[in-house]
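A, B, ... follow the sequence lines: proteins, then strands. Residue 1 opens every chain. Quick note: numbers below take in every heavy atom, side chains included, and nothing from hydrogens, waters or symmetry partners.
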There are 2 protein chains.
Amino acid sequence: MSAAKTARERVRAEMVREITDIARTHLARDGAAGLSLRAIAREMGMASSAIHRYFPTKDDLLTALIIDGYNALGDAAEASQRDQDPTGRWLALCHAVRDFALGRPHEYALLYGSPVPGYRAPADTVGPALRTTLVCGRIIADAGPTPPDPTPPPALLAPDVEALRQVMPGVSDVAVTRAVTAWTALFGAVSFELFGQFDNTITHRREFFDHGMRSLARYLGL
Amino acid sequence: MSAAKTARERVRAEMVREITDIARTHLARDGAAGLSLRAIAREMGMASSAIHRYFPTKDDLLTALIIDGYNALGDAAEASQRDQDPTGRWLALCHAVRDFALGRPHEYALLYGSPVPGYRAPADTVGPALRTTLVCGRIIADAGPTPPDPTPPPALLAPDVEALRQVMPGVSDVAVTRAVTAWTALFGAVSFELFGQFDNTITHRREFFDHGMRSLARYLGL
DNA sequence: CGCTCGTCAAGAGCACTGCTCTCTTTTCTG
DNA sequence: CAGAAAAGAGAGCAGTGCTCTTGACGAGCG
């Protein structure tokens, strides 16, 4: 009964798909703020008011695009995990994230840039968003023990570390916090490159990124 | 001859100041996309068209706000450098950046978040933007030699490293690339916290950040 | 002093936007 | 087949950035 929907429901799903497809095209061309429901409706040959039947609000459309974006990045991140060497897996993940960001910059900005003002991410986005994080967690968990750190995390952070350990079971406190730092460093590097902070400074972007991520792999004890 | 401007020029400068002040208020309340030239003009009791005499375009207003923002962050970064211990200076810088971001989130987003679509930063912004980076460079340069890294940067990166050494004279190749990685990690951590990636995950944000930055200090060999 | 010219403010107007409301048409269902 | 539900269309509201034209004001020059 899942595939045998009524004709109405099938055409509705098709409309939703067409709307998001066109929206993605416009997003890639003009960025998030350039998204216009009226322009999408125009391109589809329908009245501007009719599009609100499918996405009551522009935020709803953005949410759909964000979920799709997280899933696309999650797909890429998971697909990158073919190697068995932890360092190789980490590097593959890093480059998967970077390639996604460079290939679909506006979509990446939607996910990891400043949130669109007035927009509050609903709960539906956290699941897809977690997929990429889980890939990282698995790498850390599979890599085994990490060299001891001279200053372990303070006791105050114990509950947070415990919660984070859910995505990387069996990992030491030190490795958990280092993983978070490396994780933020990865997205910091990608965002800096994408948002122009490296303009007029770093020319060999890919090599620089690769070198930095290798350095972080050692920092992680991989 | 710098202070003794004509009366017209003085009132003009005052108008520009008032516009940017009101704009900053609106920015803090509604974010960058919520900025409205008409709303600012309304609050000043002037016609919406008159504001274009001072800022021909919305982008020009944004540029002014961005330059002010970089300078405010640069002030905070420089003011944080009282300590003599390299690790202390690094931590002070990190917390200065984080405090700025938490205190003026929309302004931080303007500087380090996704660029406003269609907006291209003019050259006037790179000078103020560099101030904060220079603080970091001085810390690294003052700290002295770094422990050797098993894998130095590839030869291809030599020119980039050389260019980066301008902001941290006398620093080894390894330390230069590590500094960039730590630098991106700092802003990655701040952006993740500010843009909600740590929601429902990390509760003791300040302590977690502090611990991560301390770990990066050791990574930097401070 | 008078006159011109640059600056500034104001108003109307254009082309957009998101969103709502009403009305009609189409489609599914009991 | 008739009624209900869903979808489309159009008009309209309030808002936006930006332009153009029209007047007023003041500073500098002959």
Side-chain angles (χ1 to χ4, degrees), chain A residues 1-20 22-23 25-27 29-66 106 110 115-120, chain B residues 1 4-20 22-23 25-27 29-66 106 110 115-120:
Chain A
M1 194 185 286
S2 62
K5 293 287 188 179
T6 100
R8 223 190 333 230
E9 272 168 331
R10 276 191 302 115
V11 69
R12 180 172 231 283
E14 184 53 37
M15 290 290 277
V16 166
R17 224 189 61 84
E18 189 175 347
I19 291 173
T20 52
I22 295 179
T25 315
H26 291 195
L27 178 64
R29 185 166 19 90
D30 308 315
L35 256 193
S36 155
L37 294 180
R38 292 179 105 114
I40 296 170
R42 219 176 295 131
E43 186 163 332
M44 294 181 65
M46 85 194 312
S48 68
S49 56
I51 207 170
H52 291 277
R53 300 251 173 226
Y54 300 94
F55 294 96
T57 249
K58 197 180 175 181
D59 279 2
D60 295 307
L61 214 203
L62 279 175
T63 301
L65 291 176
I66 288 174
H106 288 113
L110 209 55
V116 178
Y119 175 81
R120 199 71 218 116
Chain B
M1 197 185 286
K5 294 284 190 182
T6 102
R8 254 231 263 265
E9 271 168 331
R10 276 192 300 116
V11 68
R12 180 171 233 283
E14 184 53 36
M15 289 290 280
V16 165
R17 224 190 60 84
E18 187 175 348
I19 292 173
T20 52
I22 295 180
T25 315
H26 290 196
L27 177 64
R29 185 165 19 91
D30 309 316
L35 255 194
S36 156
L37 294 182
R38 291 179 108 114
I40 295 170
R42 219 177 295 131
E43 186 163 331
M44 296 180 65
M46 85 197 308
S48 68
S49 56
I51 209 169
H52 290 278
R53 299 245 168 225
Y54 302 94
F55 294 97
T57 249
K58 198 180 174 180
D59 279 3
D60 296 306
L61 214 202
L62 280 175
T63 300
L65 292 176
I66 288 174
H106 289 112
L110 209 55
V116 179
Y119 175 82
R120 197 72 216 113

Review point. Sub-3.5 Å donor-acceptor pair from the side chain of B/Asp30 to the main-chain atoms of B/Leu27, do we have one?
Key: no
Review point. In whole angstrom, what separates B/Arg42's CZ from C/dA9's C1'?
Key: 17 Å
Point to revise | Over all atoms of both residues, closest heavy-atom pair of A/Arg53 and A/Arg12 | key: O-NH2, 2.7 Å
Check your understanding: Would a 4.5 Å heavy-atom cut-off, applied to side chains only, mark A/Thr63 and A/Phe55 as touching?
Key -> no
Study note, to complete from the structure: Heavy-atom contacts, protein to nucleotides 18-29 of chain C, under 4.0 Å, summarised as B (base), S (sugar-phosphate only) or - (none) per nt, yield BBB------BSS
Practice item. Would you mind classifying the nucleic acid contact of A/Met15 as base, sugar-phosphate or nothing, using non-hydrogen atoms under 4.0 angstrom? Key: sugar-phosphate
Check your understanding: Does A/Ser36 use its side chain to pair, donor to acceptor, with the backbone of A/Arg38 at less than 3.5 Å?
Key -> yes
Point to revise | B/Glu9 CD - C/dC8 C1' separation (whole Å) | key: 14 Å
Exercise for review: Could you tell me from which nucleotide to which nucleotide of DNA chain D, 5' to 3', there is an atom under 4.0 Å from chain A heavy atoms?
Suggested key: D/dA5 to D/dG12
**Study point:** Sub-4.5 Å side-chain heavy-atom contact between B/Ile40 and B/Leu35
**Key:** yes
Check your understanding: Taking only residues two or more places apart in sequence, or in another chain, which ones meet B/Met15 in a side chain to side chain contact (heavy atoms under 4.5 Å, CB included)?
Key -> B/Met44, B/Met46, B/Tyr54
**Study point:** Residue pair A/Leu37 / A/Ile19, side-chain heavy-atom distance below 4.5 Å
**Key:** no
Review point. At their closest point, which heavy atom of B/Ala41 faces which heavy atom of B/Ser48, and how far apart are they?
Key: CB-CA, 3.8 Å
